[in-house]
Amino acid sequence: MKIIETVCAVREQVKAWHKAGYRVGLVPTMGYLHEGHQSLIARACAENDKVVVSVFVNPTQFGPNEDLGSYPRDLARDAALCESTGASIIFHPTPEEMYPSGYSTFVDMEGMTQTLCGKSRPTHFRGVCTVVSKLFHIVQPDTAYFGEKDAQQLAVIRRMVQDLNMDITIVGCPIVREPNGLAKSSRNTYLSETERQAALVLSQSIFAGKAMVEAGETDAGALVDAMRHKIEAEPLARIDYVQVVDQQTMQPIEKLDRPFLAAIAVYIGKTRLIDNFMGQGSASQ
Ligand code: PAF
């Protein structure tokens with residue numbers, strides 16, 4: 001497995017693969033890979049002849065007071081995980097390679113990027129859409145793989161691909177959890193032992209919400225109240241949002257009468273964590 005740092009070199013390689021008739025999969029990441037990323041890479045390897053994993057901590061998706069500087073990085077460990085899972089290439093550009101001096105073009109989206117995470121991180125999805133569309137142009141994959149933990153990001157990317165007529169199949173992969181329920185995240189590394197324990201309140205509220213829906217709850221407000229209540233019982237937790245939205249538009253709904261996303265963002269100490277579950281809803285509501 002090769003680690004490639006330039007746009008030019010990754011393009012050459014992928015061009016040769018396409019010429020040879022290979023299917024190419026892309027797994028965009030910011031590195032510090034865990035079992036969640038590994039599940040995406042494994043799926044990409046099962047469905048494609050060649051797989052590119054991009055490892056790039058994208059500065060444009062971090063707000064001014066966010067954790068760009070402290071975001072965890074370990075390329076050697078990432079390379080070992082990618083190689084053992086079967087990836088063909090890591091694309092690891094420098095920030096200057098992706099955003100050279102004079103860089104001025106951004107991909108922005110209205111509406112669905114302004115709720116949930118977009119409300120507390122107003123420039124986040126502009127950065128995500130920009131870097132992901134650049135990666136799509138550079139790698140030109142047949143298929144790209146994203147985790148359902150970032151459910152809003154996945155919905156935004158599906159929308160961008162449709163709106164901009166990008167000929168790429170987007171595959172969403174299920175959340176991977178630790179045995180205690182905590183959703184895998186590179187940011188879990190920020191948590192102290194006490195905070196790790198406290199962070200279990202996220203998955204506990206998700207599981208409780210899911211159980212309510214399975215038991216027949218159809219009122220989004222009741223679901224939100226119950227999930228909030230559970231989180232508020234944890235002294236180290238501070239809620240950013242608990243919301244139920246339409247799975248496609250990311251706009252709040254009152255009744256679970258269509259495919260929905262129940263999403264939460266919670267600070268545990270200084271660390272902001274997200275989790276969610278999705279449901280089909282019932283048209284008869
Ligand atoms: O989900 C992530 O890790 C990032 O938002 C992504 C999609 C790699 C873009 O930088």
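Counting starts at 1 for both ligands and their atoms, following the listed order.
Rounding to the nearest 0.5 Å gives a distance of 10.0 Å between OH of Tyr71 and OG1 of Thr189.
No option in Arg272, Arg121, Arg187, Lys270 other than Arg187 meets the salt bridge (charged side-chain N to carboxylate O under 4.0 Å, His left out) test with Asp67.
Nearest heavy-atom pair across Ile170 and Arg158 is O-NH1, 3.0 Å.
Of all atoms in ligand 1, numbered sequentially from 1 with element shown, those under 4.0 Å from a heavy atom of Pro28 are 8 (C). If you number the atoms of ligand 1 from 1 as listed, the ones under 4.0 Å from a heavy atom of Val131 come out as 9 (C), 10 (O). Close contacts between ligand 1 and Gln61 involve ligand atoms 4 (C), 5 (O), 9 (C), 10 (O) [criterion: under 4.0 Å to a heavy atom]. With ligand atoms numbered from 1 in the order given, ligand 1 contributes 8 (C) to contacts under 4.0 Å with heavy atoms of Thr29. Each of the following atoms of ligand 1 lies closer than 4.0 Å to a heavy atom of Gln153: 1 (O), 2 (C), 4 (C), 5 (O), 7 (C).
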Audit row: Lys50, Gln13, side chain to side chain donor-acceptor pair (under 3.5 Å) steps and yes/no: CA-CA 10 Å; Lys50 301 286 178 188; Gln13 177 62 89; over 6 Å; no

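Side-chain polar atoms of Thr113 and Arg126 form no donor-acceptor pair below 3.5 angstrom.
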